[in-house]
Structures are given as C-alpha cells and as structure tokens.
Amino acid sequence: MRSTDPCSRRALAKAGLLGAASAPLLASCGFGRGGEMVLSDEPVELRLSWWGSDLRTQQTNEAVAAFEAEHPNITVRGEYKEFGAYWDGLATTFAANDAPDVIQMDEQYFKSYSARGALVDLNEAEAAGFLDLSRIEEDLLVTGQAEGGQFALPIGSGVIALAVNADMLAQYGMDMPDDTTWTWDDYAAIALELTERGGGDITGSGITGGVDVASVRYWVRQRGNELFGENGDVTLDPDLLVELWEYYIGMIESGASGTPQQMVEDTGVGVEGGRLATGRTAFGLIHNTQISALRRGSGADMRLLQMPQHDGMPGNFIKPSMYWAVSAGSEHPAESSLLVDFLVNSEAAADVLGTERGVPANTEILEYLTPQFDESDRIAVDYLEAVVPGDPLIVTPNGGSNVNPLITRIGQEVYFGETAPDEAAEALIDELQGEIDATK
Amino acid sequence: MTATAELRGLRGDRAKAKPENKAAFWFLLPWFLGLFAVTLGPMAASFYLSFTDYNLLQPPEFTGLGNFERMLTDERLHSSLGVTFTYVLVSVPLQLGLALALAVLLDRGVRGLAFYRSVFYLPSLLGASVAIAVLWRTVFGTEGLFNEGLGLFGIEGRGWISDPETALSTLITLNVWTFGSPMVIFLAGLRQIPAMYYEAAAVDGASPLRRFASVTLPLLTPIIFFNLVLQIINAFQSFTQAFIVSGGTGGPVDSTLFFSLFLYQRGFGNFDMGYASALAWLLLVIIGAFTAINFWASKYWVYYDD
Amino acid sequence: MTDTLTRTAAPRRESAVRPVRRSRGRVRAFCKHLLLVACAGVMLYPVLWMVVSSLRPNDEIFRSPGLILAELETGNYEAGWNAFEHPFGYFMVNSAIVVLGAIIGNLIACSMAAYGFARLEFTGRRWWFAVMLLTLMLPIHVIIVPQYVLFSEFGWVNTFLPLIVPKFLATDAFFVFLMVQFIRGIPRELDEAARIDGAGHPRIYLRIVLPLMVPALATTAIFTFIWTWNDFFSQLIYLIDPDMHTVPLALRAFVDAQAGTNWGATFAMSTVSLLPVFLVFLFGQRFLLRGIATTGGK
C-alpha cells in the first residue's frame, strides 16, 4: 500500500503539501534517470526550448515542422523566452525535474549544467547512430566538451569584431584604416582624430572593452594569457587587466572614446538603439553576426574591421554562439538526439534557419548556405573567414556563469573612478575564483 | 480565548467578546485553504532552504547557519541594503504625498475629472513593461528630455540614468511617476467618507482647509495607513523597474542594486538558491519589523469608525 | 461621459458648499486645470514617445528626436501583430482569461476574508492577521521554485490554474488588507441595525457591507486586472507552451540583445496591449466613485 519510493509522484505530492518536507526532494529525483538511448515505436512528444527574438521563433517553428514531417511519430513542442527569463525558467524546471528535452545552451552556463549531471553525453547518441558529430568544426566541437563527454553541441560561431560606420568616416574625410596591420595605439589615434574632426558632435569610439567578457578574453589572449585554465580555475593575469582598463581610461580622458555614462546608457537598449547605430560614434565592438541588426538599425554603411593587433599574436577565438543540449532527465534521449541532428546537420533545416544562430558550425552546411547569403550574412562570414584564430576557447567553468555581469560591474567601477584598476583587478579575480571554489 | 478577548470580557463587554468562531471559520475558509495549500508550503520550503547550499540542479545540502554567517561579510549585500533603504525612505513619502495631493485635487469639482484620472494613471499601467528601459533613457539619458529642459535654462545636464551618483534618483522618480495605484486607493477612500460629516462641518461654517484637516484627513487615516504599510512592503521588494532599466545588472556600479535584485542574481544567476532563500528571510525580518512599528504607531494616529 | 461623471459626483459637494464667489472660483478652476495639464504633459511624455515611435520606421526610432512624426508608418503594427505563430490578439485573449479568473477569485475570496477579519471576533484573530501580512513579505523569487514543484505535482504547469486558483483562495493578502481597511471605515451602526432586524453575518455581508464597499471592490478589480495583465514572472514560469502565452510573455519575446530587437513592433504591441487596460480604467473608475457618499449616506 504505502509507497516506499521517495520519488513516486504520490510521495512527492504529499511532501509538496507538507511544504518543508518537499525541500530535500527538490531536484533529488529524476536527473540522470531519463530514458534509454533507443528509439520508441510509440508516438513521442519532445519539448524544444530556446531564447531569441520573434524572427528566430518563426524560423525554428518552421524547421521543427520539417522535422516532424520526416518523423511522423514525433511531435515537437517549441518553447521560447527572452534570454534573461530563459535561464530562470530553465533552472526552475530542472529543480522540479520537468525540464525540456532539447535545450538551447550558452557558453557561460553550459558547464554549470553539465558539471551537475543535468545533460546527456551526446557521444552516446553518436555511438547509437542518432547524431553525427563528424562535420562540426573541430575547434568549436571541443567547446562543448566537459568531464570527458560531449555534453553540448555547438550550433554556430561568432567572433568579436570592430564595427565601423563607413559613412561617418567619409563625412569627416577619414580613410578606412588598414585593419591588417593596425595596433591598439593606431586605433586610439584614429578615434581621437575623429572626435576632433567631429567638433563635439560625435566621438570616434565607444568604450569597446573592459566591461564585457569577450573583450577581456581577446585582450589577454593577445598577450599569451587566458581567462580560465583547463582545470577550471581563473588564470587571468591581473596586470593585463589593469593594462586594458588603463588603455580605455586614456581613451576616455583624451576624448577618443565616449564617456562611461554613454557606455552605460547603451546597455539595455540593444545594438540597434546604441550610439553606434544612432550615428553618435564611429567605432564599436560587436559580434560579427550582429552586423545585420546594426545595419538595419542604423541605415548606414556599417562594416566590420579586424581587431587591432599586439605583437602579431592571434588573440581571436571562435566563440560558439550557442549550443544544443539534451536534458539528462529526458525520457526520449534518442529522439531528442535525432532532432538535434536534424537542426544542425540537415540542409532542410539550414534552408530555414540560415545564419540566425551564428555562422553554422557544420562546415558542409556552411558551404551549402554560402550561395544564398545576403549582404549582411556575407559580411559576417567573410569576416569570420578572415580571422586568424588562436587556440580554441577554454569554456567558462562551473560556477563562472556570472562572469560577464561581474566584469561589467567591476569594469564600471574602474571607469567611473570608484576603484583603482589594480585593486579592481585583484577583487575581480578573487570574486570569480570564489564563485568557482564554492561549487567544488 | 485570547488574552485580549479575556480582558474585554473582564471589562464586562461580554457581547462583543463572545468569539464568533463558527461564522469566522466559514468566511475565512478560502483563505485558510489558500494559506495551507498554496502559501505556507513554499514559504516553509524556502525557510528550510535558507539553511542549505542549494544550486537548483542538485539536492540541497544542509549547512546550518552558514548562509547567515556569509551575510556578515558580504559587501554587495551591505551596499544593496543601503540602496534599498534609501529607496524606501525617499520614494515612499514622495509617492504617497503626490498621490494624496492629486487624489484630493481630482476628487473636487474639476471638469474632465475622469480624463485626468485616467491620464495620471496611464504611467502606472506601463510601469513594468519592457519598453520602460528605452522610455526612461529618452527622458533621463544624456540626450534626453530632462537635459533638454535644463538646457533651456542654460544648465548643463548629465547622463542621469547612467551616472552612479544619480541613477538611483531616476528610479525613485520612476516610482513616484507610477503613483497611480495609491492615488486610486486614496480616491476610493475619499468616496467612502460619509457625506453627513461634510454636511455637519458645513453647518458649522468650517473653511475648506479646516474641513480637510478635521474631516477628510482623520477619516482617511485608515487608507493612508494601508498605503503606507503596503508601499513600504512593495518598496522593499522593488525589483522589476530596476531590473528592466539596468538590464538586470543593478548598475551602474551597483548603484541600483536593490535587495530583491541582488537576491535574484544570487539565486538564479549564480545557482545559489540556498543563500538567496536566507536573504529572503532576512528581508522578511526587516519588512516585518517596519510593519510592526507601523502598526504600533498606528494606534496614535489612525482613526477607525468602528 | 466626463459630464455624467462630474454630475453624479457633484451633488454632495454642491449641496454642502455653495458657490458664493463665482468669479474667484473660475480663476481658481482655471489654475487648477493649468496645473493638471502641465502635470499631465510631463507625465505623459514617455508614453507619447512610445506611441509615436511605434509609428516610425525601425531605423528612425532612435535617431529622430521628439514627438513629431514625419510620416505614418503602420507596418510595425502589422509586423508585431503577426510576429508569432498566433496573432497578437490570441495572447490578449489568453491574458483576458487569466485576468477574468483572477478578478472573480479576488472579489469573492478576499472580500469574504476581509469581512471575517474586520467584523468577526474569533480566537487568534490578530495572530492570523499577522500571518496574512507575513505572506506578503517574502520575495517571489525564492517562493517560485518550491511553488512550481508543488503545482507541477498537481499537473497544473502549462495551464492557467496556478494563476487563477490561488486567487479563489484569497492568497492576495494585499486586497484582503485593503478591504479590511475599507470595511472598518463603514460605521458599525449600520450592521448593528441590521442585526437588530434579525440579519445574520451572511446577510450583513451581502446586503450591507458589499454594497457599501463598492469603491474597494472596484479598486480590487482594476488592480487585479492591471497587475495580472502586466505580471511577467509567474506567467513566465507556469505558461511554458506558446499556445498558453499571455501578453507580457509575447511582448518580452520580441526582445533579443544578441540578434537584435524589433523595437518598432515591440512599441506597437505595447501600445496595443495598453489600450484595453486604459479603457478598463477609463470606464471602471466610475465605480470608484460610488462610495457611501452616494449610496449609503443618510
């Protein structure tokens, strides 16, 4: 009569009613207890979840319909949310063992989930023949690996790039800089000259670094350092961070870049509402795939330039724009893997999805899509191909999911003059390492 | 029987002291059901979680008072408490003052009342919308309306929302701007004042100001009290506006990091729900203390007709 | 409609205060209007900016200052309305269902609880009242996970039930407290009189107290409408399936920092979703004015 399995639905319901008693049960049931890696003969319903704009939602729904047509016994329910809300919802559903089967995953969160056993090792799916990993760009594929397994599959890639408003350069009689040879000093000088020629109407550059994880990574990699080490600890060299911040403090003081206030105002309104798009500044840092949003929002001739150089060191890295992952609690890991395979490897899906989730990680798909590119796509892809990447990116470890807000906050303290760069650099590293240690 | 009821019984007020438990049970039945089935369980769970290390993905681990000890040395927590207290102490009186003033103004015989009321309420309808981040920048940004206005007087503005020194004041302004809810409650309260009191005052030949002071204000005190208690509770928990305007960061430089926002960042951003739960209970104690003081003080200034 | 309102509102004041000095009254009224219009103008600027921006092409929204429209671009409305697999109106219907359920629940359950707290003497009344206030004080972000576990065990995830059923159980302590304050403002003599006539509590509640607290009920209904219509977090957690999405979820789904947000469509649909709330308030507020003054004052 009495249920002895603490994870039976009835036991849970009772515990839920008793409130406090339910707390120890949160998330203790179910994960890793998903179904077997075999296809079912029965009708299967999968849940697929992603964040993104309305355009992504339309395209994904279309791709899903094509998948359902190929697999009549599988129905896929799409779920979409805005980026911030997405993570709250995802964590909550995991806590209740009610997570979607297929999950769009981000580089900063991926290990926080995989290290806690929340995701399926996709190598098993490949071994069972449901998923082909062979055509994914090798440097990208490793960014989905952790603890000896392939817990996430990169969908596409992006790189950071300097966007420039070519119309504005022409207006103030400046030449397009030669981005094959330019250094950070050249960049500062060009930006300053633009500000001066603008006579107060514009600034040459925005504050393009030191308040986001991508620019910090780029800067230190150009100097032979890494944000995180292979063992999951922080390896960032504080002196390099200080150097980066001081470079931008110099730009702010000289007027080459905008003020910290302007920088803050640009967060939260998106790339098409920022000063770069509204024609108040000529140079800004974006991801190469944001170029289409920027061109749309600005109506100007926006182009991408290679980042300034430092001693010829390749600081660049191909960042996985996002991943697909399968929830460990999924009752249908085999069908889920088929869906991932379809979304990443099939031409039918590529026709619909295009480059909206980044330049495709599947090299054959990229080739297949190339003839169909529009101008913005072409700019983004040409840029990516021109980039000389350094070593593959070392992914954010478990406990580091907050690294970007952390850098934003402490970088702002520095630019607003509230904390000295050297103190701030130490504080940043301490806090980040502390978060990581707390998960060990 | 409770002590107070017993006391009343001693005073010989027996008719009133007789507990109407049966009737009360039926009237409060839905509320009791809700309390025990929906509200208390999750509250108790969060209480338990506040003594654990809980990352949402794995079972919670009991850590005793660990989370509470951590609070002592958590500098961001301390600065978020500072931000929150400033916000509560400044924005609540301002918002309630404005709401009361406009409610009294709009309750009088001004033509087009319905229109004005709706117009003044409109911002409150928008208060939590995603659009507010952009809208607020158009007003308080470097090139916003406010700076343009200052420019007319030859004053040079600044990036109000983006300067750590002034960012919090713009959020206080945002809260004051959405004064519609307390205003509506005041309006409803004003309508609840029986006309006979005004008639009596008019017979006595009281001036409008005097009537306001001796009739309106005292009879409105239960509603003022309600608004005060609730707006303080709401202000302590304020989240959405700071979340949207700062893009979830509480920036610049934590200058708008409200307590709830900090708690949310810990809980969902850092997978630190155990600590977040402990923070929530700290907030409960703080709000509880404020509310208790409010209730205690209400004995001296709130007038009930019963 | 404004005329009828001022007329129904006017009598009690007019009878009480005779307009003695008319010309001075006019000047004063004019000043009042001036003040109100100035306030309204400042307050409305952001709202107007949003409406105007929704009528601008996307690439001009952030580049054209002020409120002057060069041309009327209605494409944003079309794009926003059809942005998802359902037309935007579908989400508005979903929101309306949730809102309607929540309003009915709150009106019934909160007024019953409030009557109990305000008019009945029962064991541990103060203690229970304190418990009710306590339930207001814990931030939702730590409640939501255990609550989700609970409702997911009930099988209520992806339905409107977690958003509606609790309202029928008076879990919105805000409104219980609000109504308690209003009921305490109703003179006791009124129900004592009814009691002498032999009325029990249910009758007093239905016949005396409810009619006299119409402003509080209207306030509850209007606030429930607006707060539910705008509520994002709990709807986000419980309404997973796009078929169940409501207005706030749909609006938020336009925003994407990475790939770019269609601000024109976002503003257009924000404007559209503001409309019903505004209309509800415009027409609902007449009930705010039905106080004792106009119905029960003897």
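So you know, we letter chains A, B, ... as the sequences are listed, proteins then strands, and number each from 1.
- The CG atom of A/L406 sits 10.5 Å away from the CD atom of B/Q265 when rounded to the nearest 0.5 Å.
- You'll find the side chain of A/T259 stays beyond 4.5 Å of the side chain of B/R158, heavy atoms only.
- Looking at B/Y264, the atoms closer than 4.5 Å to chain A (heavy atoms on both sides) all sit in the side chain, from C-beta outward.
- In this structure, chain B has heavy atoms under 4.5 Å from both the backbone and the side chain of A/E413.
- At a threshold of 4.5 Å between non-hydrogen side-chain atoms, the residues B/F271 and A/W87 do not count as touching.
- In terms of non-hydrogen atom pairs under 4.5 Å with chain A, the most contact-rich of B/P252, B/G248, B/G250 is B/P252.
- Closest of all the heavy-atom pairs between A/S401 and B/G269 is OG-O, 2.8 Å.
- For the set A/Q262, A/Q412, A/R409, the entry with the most heavy-atom pairs within less than 4.5 Å of chain B is A/R409.
- Between A/N402 atom CG and B/F268 atom CZ the span is 13.5 Å, to the nearest 0.5 Å.
- Residues A/F94 and B/L56 form no side-chain contact, since every pair of their non-hydrogen atoms from C-beta on lies 4.5 Å or further apart.
- More than 12 heavy-atom neighbours from other residues, nucleotides or ligands sit within 6.0 angstrom of CD on A/E147.
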Subject >> Audit row: B/D254, A/E418, side-chain contact (heavy atoms from CB on, under 4.5 Å) steps and yes/no >> reply: CA-CA 11 Å; B/D254 281 355; A/E418 302 207 345; over 6 Å; no
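- Of the possible donor and acceptor atoms, none in the side chain of B/S162 sits under 3.5 Å from a partner among the backbone N and O of A/P260.
- Counting heavy-atom pairs closer than 4.5 Å to chain A, the top-ranked of the candidates B/D272, B/D163, B/T249, B/V38 is B/D163.
- In this structure, no portion of A/Y415 lies under 4.5 Å from any heavy atom of chain B.
- There is a side-chain donor-acceptor pair under 3.5 Å between B/T142 and A/E265.
- A donor atom on one side chain and an acceptor atom on the other are found under 3.5 Å apart for B/N270 and A/E435.
- Separation of atoms CD (A/E431) and CD (B/E75) is listed at 9.5 Å; rounding is to 0.5 Å.
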